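Everything on this sheet refers to the single structure shown next.
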There are 2 protein chains.
Amino acid sequence: MSRKRLTREESREQTRTRLMDAAVAVIVKKGLSGTSVEDIAGHAGYTRGAFYSNFKSKADLFIELLKRDHGHVQEDLQQLLDADLSNEALQMQLAQFYGQCYRDHNSYVLWAEARLHAVRDTKFRQRMNTLCLEKRDMIASFITLFDQRMGLQPSSTPPTDLALAMMALIDGMLYFNMSMPNEMSDEATGSVLSTIFTATFFGLQAKQTK
Amino acid sequence: MSRKRLTREESREQTRTRLMDAAVAVIVKKGLSGTSVEDIAGHAGYTRGAFYSNFKSKADLFIELLKRDHGHVQEDLQQLLDADLSNEALQMQLAQFYGQCYRDHNSYVLWAEARLHAVRDTKFRQRMNTLCLEKRDMIASFITLFDQRMGLQPSSTPPTDLALAMMALIDGMLYFNMSMPNEMSDEATGSVLSTIFTATFFGLQAKQTK
DNA sequence: GTATCTAAATACATAGTTGTATTTGAATTC
DNA sequence: GAATTCAAATACAACTATGTATTTAGATAC
């Protein structure tokens with residue numbers, strides 16, 4: 001099994017990626033501020049030298065992590081939106097989307113850290129808000145599309161506001177699902193979300209049978 | 001203006017309280033893990049000696065902070081529940097409750113820190129869950145009471161689950177309201193919450209006019 | 001193959017943090 | 001008012017973190 005010999009650029013890119021992946025793991029485990037640059041480099045199998053050669057600072061790296069994750073989510077959502085699916089397929093896919101949402105532990109923690117940091121740091125908050133609003137607008141597009149498809153007259157509450165509410169709700173439920181799975185099982189989480197979504201968008205309480 | 005001479009016990013109590021208040025301020029500003037014991041003591045006008053004489057560790061203090069805040073909220077809610085108010089008064093009070101909810105910056109940050117810490121530390125998570133579930137049950141009582149009062153047949157979703165959802169929603173909206181007040185004003189926040197509450201509990205989309 | 005470049009390692013200077021052990025001085029007790 | 005007690009200050013020793021400055025060794029260019 002021949003290990004491919006890497007070009008300088010490839011090697012650098014590999015280092016960068018490894019550092020970022022290690023950073024996620026360590027930050028999720030010990031917290032952003034509880035994680036030292038040494039921790040990250042060490043966990044990736046490098047020394048601090050490698051870190052500072054690739055990133056300006058821990059803060060700089062953290063932004064990169066968020067952007068990377070955000071990019072993935074946005075791509076996924078955009079694909080769904082572009083796919084021009086049937087109503088049924090769309091509903092299925094959306095269900096799956098928030099289904100997988102509350103399974104990704106690492107992302108949850110990363111963004112929870114980010115929110116806290118945003119509360120404290122104005123500059124960071126602005127960058128963060130840009131990302132959040134991009135996601136919000138994506139979700140708002142879904143709401144609008146859905147309203148059109150279903151022939152519902154749009155709610156008096158703007159879809160952008162509803163989108164933020166859904167983000168808030170999913171996020172918070174994800175936490176409960178993670179921290180007290182006995183009280184809030186995966187099924188219960190899905191069921192609650194679906195109840196509230198349905199009530200909010202169709203205006204009728206879902207009479208779903210367990 | 002004679003400054004009252006304090007007994008030893010009073011003085012100790014004062015120190016303790018000052019340390020706790022200082023801790024909230026500093027932790028909100030710099031984060032739990034970014035805050036040193038020295039920071040806290042210093043901000044309260046003492047040295048580390050005073051801190052360690054009053055608390056076992058920073059973790060110990062943090063739990064105290066959460067318990068104190070939790071106690072206040074529970075008291076307020078219990079009073080509301082005991083008051084046996086008319087429907088109108090109850091609705092008013094509840095509106096006021098979540099109205100004031102998203103005005104308390106410090107508490108938000110404290111609990112956000114706590115959630116992150118809970119994800120990482122099993123023992124802490126258990127203590128934290130106890131508090132969360134107490135609050136959940138309190139809110140579930142409100143939901144049940146409300147259903148009875150309004151003569152609604154209770155939702156197929158258990159009130160405890162709905163209670164967690166409402167906590168999740170309020171919390172998340174509070175964040176957006178704090179971090180992007182231009183996108184999510186106080187009024188918009190109230191409006192969205194009220195839309196979703198109404199839809200969820202009455203099963204009808206609120207047609208509220210701005 | 002020699003010279004050059006640069007990613008990553010290493011060395012260093014500085015500074016902050018923790019918890020305990022000891023001391024101090026003001027409140028209490030007799 | 002002398003003795004005692006204890007809240008808080010101070011001193012201490014071990015450890016961890018940061019960022020920069022310098023070195024090293026493997027890729028690239030000639």
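What's counted below: heavy atoms across the whole structure, side chains too, no hydrogens, waters or symmetry copies. Just so you know, these numbers come straight off a predicted model, no measurement behind them.
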For this session: Kindly compute the distance separating CE (A/Met20) from CD1 (A/Ile27), expressed to the nearest 0.5 Å.
Result: 10.0 Å
For this session: Mind jotting down which residue pairs meet the ring pair (Phe, Tyr, Trp, His ring centres under 6.0 Å) criterion with at least one end in residues 18-54 of chain A? Sequence neighbours excluded, please.
Result: A/Phe51-A/Phe55
Exercise. Is there side-chain contact between B/Tyr175 and B/Met184, with at least one heavy-atom pair below 4.5 Å?
Worked result: no
Problem set entry | Members of residues 52-61 of chain B that approach DNA chain D, where some heavy atom sits under 4.0 Å away | B/Ser53, B/Asn54
Detail all sub-3.5 Å separations between protein N/O atoms and N/O atoms belonging to nucleotides 21-25 of chain D.
none

Problem set entry | Euclidean distance, B/Ser156 OG relative to B/Asp161 CG, rounded to 0.5 Å | 10.0 Å
Problem set entry | side chain to side chain contact (heavy atoms under 4.5 Å, CB included) partner of A/Phe197, chosen from A/Ile170, A/Leu162, A/Val192 | A/Ile170
Problem set entry | Spacing of B/Arg12 atom CZ relative to D/dC6 atom C1', expressed in whole Å | 9 Å
Problem set entry | A/Tyr46 OH - C/dA7 P separation (whole Å) | 13 Å
For this session: Measure the acute angle between the ring planes of B/Phe124 and B/Phe62, then classify it against the limits of 30° and 60° as parallel, tilted or perpendicular.
Result: parallel
For this session: Enter the distance from B/Leu61:CG to B/Leu19:CG here, rounded to the nearest 0.5 Å.
Result: 7.5 Å
For this session: Give the C-alpha distance, both sets of side-chain angles, the deciding distance and a yes or no for side chain to side chain donor-acceptor pair (under 3.5 Å) between A/Asp186 and A/Thr189.
Result: CA-CA 5 Å; A/Asp186 289 357; A/Thr189 308; 5.3 Å; no
Problem set entry | Length of the CZ-P vector between B/Arg48 and C/dG16, whole Å | 13 Å
For this session: Applying side-chain contact (heavy atoms from CB on, under 4.5 Å), name anything that partners B/Lys29, two or more places apart in sequence or on another chain.
Result: none
Exercise. Once you round it to whole Å, what is the distance between P of C/dA27 and CD of B/Glu9?
Worked result: 15 Å
Exercise. Whole Å only: how far is the CZ atom of B/Phe51 from the P atom of C/dG19?
Worked result: 8 Å
Exercise. Is it true that atom CZ of A/Arg127 has more than 12 heavy atoms of other residues, nucleotides or ligands lying nearer than 6.0 Å?
Worked result: no
Name the atoms and distances for all side-chain donor-acceptor pairs under 3.5 Å in residues 139-147 of chain B, with sequence neighbours left out.
residue, atom, partner, partner atom, Å
B/Ser141, OG, B/Asp137, O, 2.9
B/Thr144, OG1, B/Ala140, O, 3.0

Exercise. Tell me, which of residues 23-41 of chain B have any heavy atom that sits under 4.0 Å from an atom in DNA chain D?
Worked result: none
For this session: Rounded to the nearest angstrom, tell me the gap between atom CD in B/Glu10 and atom C1' in C/dA26.
Result: 15 Å
